Amino acid sequence: MLRSALLAASRSPQVRTMVEKFPPTHAIVERFVAGDRLDQGVAATEKLVASGRKVTLDHLGEDTKDADQAAGTALAYEHLLAALKETGLAADAEVSVKLSAVGQFLPVDGEKIALENARRICEAAADAGTTVTLDMEDHTTTDSTLAIARELRADFPWLGVVLQAYLRRTEADCRDLAHEGSRVRICKGAYKEPESVAFQGKRDVDLAYVRALKILMAGEGYPMVASHDPNMIKIAGQLAEWNKRDVSSFEYQMLYGIRPEEQLRLAEAGNTMRVYLPYGQEWYGYFMRRLAERPANLTFFLRAMATRG
Ligand SMILES: Cc1cc2nc3c(=O)[nH]c(=O)nc-3n(C[C@H](O)[C@H](O)[C@H](O)COP(=O)(O)OP(=O)(O)OC[C@H]3O[C@@H](n4cnc5c(N)ncnc54)[C@H](O)[C@@H]3O)c2cc1C
């Protein structure tokens with residue numbers, strides 16, 4: 001119930017205005033978001049890299065309304081990638097891109113615009129010597145995102161994609177993508193989806209996540225295990241061992257500000273541990289999805305609201 005309400009609120013302009021105007025919000029958002037500006041994203045990346053972690057940066061933005069805004073987001077990524085190259089961080093930091101932010105939902109030629117913008121970002125990443133991963137959004141975008149990824153991979157074979165274990169289709173997608181050189185981030189999934197396309201309960205989603213992990217770890221690709229769940233992390237490690245995978249043939253990923261001690265533990269044990277680091281002004285949708293995922297995050301937020309009176 002609460003999760004559904006928060007996910008609905010993440011799409012409500014009225015609630016957005018209320019939350020954005022609320023003074024303590026910014027202090028809480030800082031826990032999950034590096035800051036509004038590029039230099040803050042780069043500074044946070046430097047700190048994470050110095051601690052032995054890798055990074056994937058997300059320039060926050062979704063629900064792009066016109067082609068200029070979409071092109072502006074692509075430009076922001078080009079600037080980010082140039083900054084990673086200049087600061088020598090590109091070996092340890094890549095970028096994550098939401099196709100909706102670069103035009104996928106635009107009513108006229110949305111997919112074409114998103115493909116062109118994503119291509120610009122991939123070219124900038126290739127120039128900087130790093131990679132790009134396409135985030136996955138709600139299930140209405142899965143086919144389109146995978147099709148755009150297929151097209152881009154012809155020129156940029158290192159392009160990563162995300163699969164969401166809660167979708168019933170994902171086992172089949174894992175089989176399709178478990179080939180050599182294929183970088184696949186497997187996560188549980190963060191959107192509100194109907195029962196017709198997605199498993200609903202935690203147990204069913206966890207079982208689906210393990211099935212996806214089994215396929216990806218047994219395959220030839222490069223699995224990116226995106227979860228904070230201790231059970232999933234343990235199972236991923238066991239599956240890597242059973243499949244005689246070297247630690248360099250897969251990685252763990254977690255979100256900025258979530259389980260930082262566990263992030264460090266995994267990195268110190270010799271694993272690649274990549275932190276998903278968002279920055280930018282459009283933090284609202286991202287922040288609300290984090291609240292929806294975990295009641296403790298919400299309690300933290302509500303307590304701050306209450307103490308403000
Ligand atoms: C790197 C990364 C990239 C992602 N990209 C996408 C994407 O492209 N598309 C998409 O739909 N979703 C994405 N997600 C979000 C993902 O789908 C889940 O919504 C999110 O990760 C929560 O699921 P979970 O696996 O962590 O486990 P949950 O089922 O949420 O949590 C399981 C357990 O993990 C531990 N845990 C979880 N959160 C916390 C916390 N805040 N503090 C302490 N312990 C905690 C607790 O023990 C909890 O019981 C991404 C997640 C990560 C980590």
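Both ligands and their constituent atoms are indexed starting at 1 by order of listing. Note that the structure is a prediction, hence the values are computed from the model and not measured.
- Ion pairing of K202 with D229 is present here, as a side-chain N (NZ or NE/NH1/NH2) and a carboxylate O approach within less than 4.0 Å.
- Exactly one residue among V42, L57, L60, D58 makes a side chain to side chain contact (heavy atoms under 4.5 Å, CB included) with Y279. That residue is L57.
- The distance criterion of under 3.5 Å between nitrogen or oxygen atoms is not met by I258 with respect to ligand 1.
- Atoms of ligand 1 lying under 4.0 Å from any heavy atom of K202, numbered from 1 in the order shown and given with element: 29 (O), 32 (C).
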Check step by step if side chain to side chain contact (heavy atoms under 4.5 Å, CB included) holds for Y209 and K188.
-> CA-CA 6 Å; Y209 193 94; K188 288 188 187 176; 3.7 Å; yes
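- Nearest-heavy-atom check against atom 13 (C) of ligand 1 across G257, S96, C187, A165 picks out C187.
- Backbone and side-chain nitrogen or oxygen atoms of R290 are examined, and none is located within less than 3.5 angstrom of a nitrogen or oxygen of ligand 1.
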Check the pair L48, Y256 against side chain to side chain contact (heavy atoms under 4.5 Å, CB included), reporting the backbone distance first and the verdict last.
-> CA-CA 10 Å; L48 289 165; Y256 182 64; 4.1 Å; yes
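- Among the atoms of P230, none of the N or O lies under 3.5 angstrom from an N or O of ligand 1.
- When the side chains of ILVMFWY residues are joined at heavy-atom separations under 4.5 Å, either directly or via intervening members, I121 and L99 end up in a single hydrophobic cluster.
- A salt bridge does not link E282 with K98: every distance from a Lys NZ or Arg NE/NH1/NH2 to an Asp or Glu carboxylate oxygen is 4.0 Å or more.
- Less than 4.0 angstrom separates some heavy atom of M254 from each of these atoms of ligand 1: 53 (C).
- R274 forms no cation-pi arrangement with Y276, by the criterion of a distance under 6.0 Å to the ring centre and an angle within 45° of the ring axis.
- Ring-centre distance between H139 and Y191: not below the 6.0 Å cut-off.
- Close approach to G189 involves these atoms of ligand 1, each under 4.0 Å from a residue heavy atom: 11 (O), 16 (C), 17 (O), 19 (O).
- The distance from ligand 1 to the heavy atoms of S227 drops below 4.0 Å at these ligand atoms: 24 (P), 25 (O), 26 (O).
- Under a 4.0 Å N-O distance rule, the pair E123/R119 does not qualify as a salt bridge.
- Between the choices R185, H228, M232, R259, the shortest heavy-atom distance to atom 44 (N) of ligand 1 belongs to R259.
- At a 4.0 Å heavy-atom cut-off, ligand 1 touches D135 through backbone and side chain alike.
- Neither the backbone nor the side chain of Y209 has a heavy atom within less than 4.0 Å of ligand 1.
- The heavy atom nearest to atom 23 (O) of ligand 1, considering only H139, K188, Q253, E137, is found in K188.
- For a threshold of 3.5 Å applied to N or O pairs, the pair formed by Q164 and ligand 1 contains at least one separation below that value.
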